[in-house]
Amino acid sequence: MRVFIAEDERDLNQIIVQKLTAEGYSVDACCNGKEAIDILSYTDYDAVILDIMMPGADGFAVLNSLRSRGKATPVLFLTARDAVSDRVKGLDSGANDYMVKPFSMEELAARLRAMTRASFGGTSSLLSAGDLTLDTAAHTVCRGGREIALSAKEYAILEYMLYNKGVVLSREKIEDHVWNFDYEGGTNVVDVYIRYLRKKLDDGWEKKLIHTVRGKGYVLREETEK
């Protein structure tokens, strides 16, 4: 999942980036509301975390800009103001969740998982395809009851494909959702990681889960699915 953070407290910004990166997210961040509006105008994210009080433009202005373009991206507000009226204003403005500073990084990660899960129509931390399961809370992957160790990027690609089970995903779409602006890799990076995943998830199994759709990209589904 690719996440965007706009938080003007630089130390807190960096801590959140480090925490979510460790959780396996691809993260972009800035410290200015105007810059946030610019970035969100040309880049799609799976979730956005916004501080309310920022230079350039506040969180409400950033959220309004996002929603005015028809984007339903889940948004979580961060603020030092804990009055009920402030929370109500944030939620009524179109935010999906609201956290008051100081907060627990573990709770932030949990709320982020809940928001992204809901945006894909999920109600559980478990994603599955056939005998493959991925637990977004425990960060574990199993097939046929056997746990499989994945790298952070392998896990991120598999999670994204499971959230879009049965949907053909182009290489560009996978790359956009799994790597951030700092990535400077090769043009075949998605193909490389798909090979890694196939070796770990499909080799030795009669039913293959990851399929190539020539000229279009990749899709995760059971062989019997149409």
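For the numbers below, each heavy atom of this structure counts, side chains included, while hydrogens, waters and symmetry mates do not.
- In terms of heavy-atom proximity, Gly217 sits nearest to Val168 at N-CG1, 4.3 Å.
- When all heavy atoms are compared, the tightest approach of Val167 to Val219 is O-CG2, 3.5 Å.
- When each of Arg146, Lys207, Arg143 is tested with Asp131 by the rule salt bridge (charged side-chain N to carboxylate O under 4.0 Å, His left out), just one qualifies, namely Arg143.
- For the residue pair Lys208 and Asp202, the shortest heavy atom distance occurs at NZ-O, 2.9 Å.
- Trp205 is not connected to Val141 by any chain of hydrophobic side-chain contacts under 4.5 Å among Ile, Leu, Val, Met, Phe, Trp and Tyr, and they are in different clusters.
- Other residues, nucleotides and ligands place no more than 12 heavy atoms under 6.0 Å from the CZ atom of Arg10.
- We find that Asp28 and Arg2 are joined by a salt bridge, their nearest charged nitrogen and carboxylate oxygen being less than 4.0 Å apart.
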Test Lys34 against Asp38 for salt bridge (charged side-chain N to carboxylate O under 4.0 Å, His left out), laying out the working first.
CA-CA 6 Å; Lys34 186 177 184 304; Asp38 291 340; 3.7 Å; yes
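- A distance below 6.0 Å separates the ring centres of Tyr155 and His139.
- For the residue pair Tyr25/Asp46, the side-chain donor-acceptor check at 3.5 Å is not satisfied.
- For the pair Glu175 and Arg171, the salt-bridge criterion is not met [side-chain N within less than 4.0 Å of a carboxylate O].
- Of all heavy-atom pairs between Lys19 and Ala109, the closest is CE-CB, 4.3 Å.
- Looking at Arg198 and Thr212, their side chains do bring a donor and an acceptor atom within 3.5 Å of each other.
- Cluster membership for Leu76 and Phe103, using ILVMFWY side-chain heavy atoms within less than 4.5 angstrom, is shared.
- Cluster membership for Leu108 and Ile15, using ILVMFWY side-chain heavy atoms within less than 4.5 angstrom, is shared.
- Aromatic ring pairs are classed by plane angle as parallel below 30°, tilted from 30° to 60° and perpendicular above 60°; the pair Phe60 and Phe77 is perpendicular.
- Salt-bridge formation is detected for the pair Glu7/Lys101: a Lys NZ or Arg NE/NH1/NH2 atom is positioned less than 4.0 Å from an Asp or Glu carboxylate oxygen.
- With no hydrogens or angles considered, a side-chain donor-acceptor pair links Ser125 and Asp135 at under 3.5 Å.
- The local environment of CE in Met105 is crowded, with over 12 non-hydrogen atoms from other residues, nucleotides or ligands closer than 6.0 Å.
- Under the 6.0 Å cut-off for aromatic ring centres, Tyr193 and Tyr196 qualify, their centroids lying closer than that.
- Heavy atoms from other residues, nucleotides or ligands lying under 6.0 Å from CG of Asp203 number more than 12.
- In this structure the side chain of Val48 never reaches within 4.5 angstrom of the side chain of Val3, judged on heavy atoms.
- Using a 4.5 Å heavy-atom threshold, the side chains of Ile16 and Val27 count as separate.
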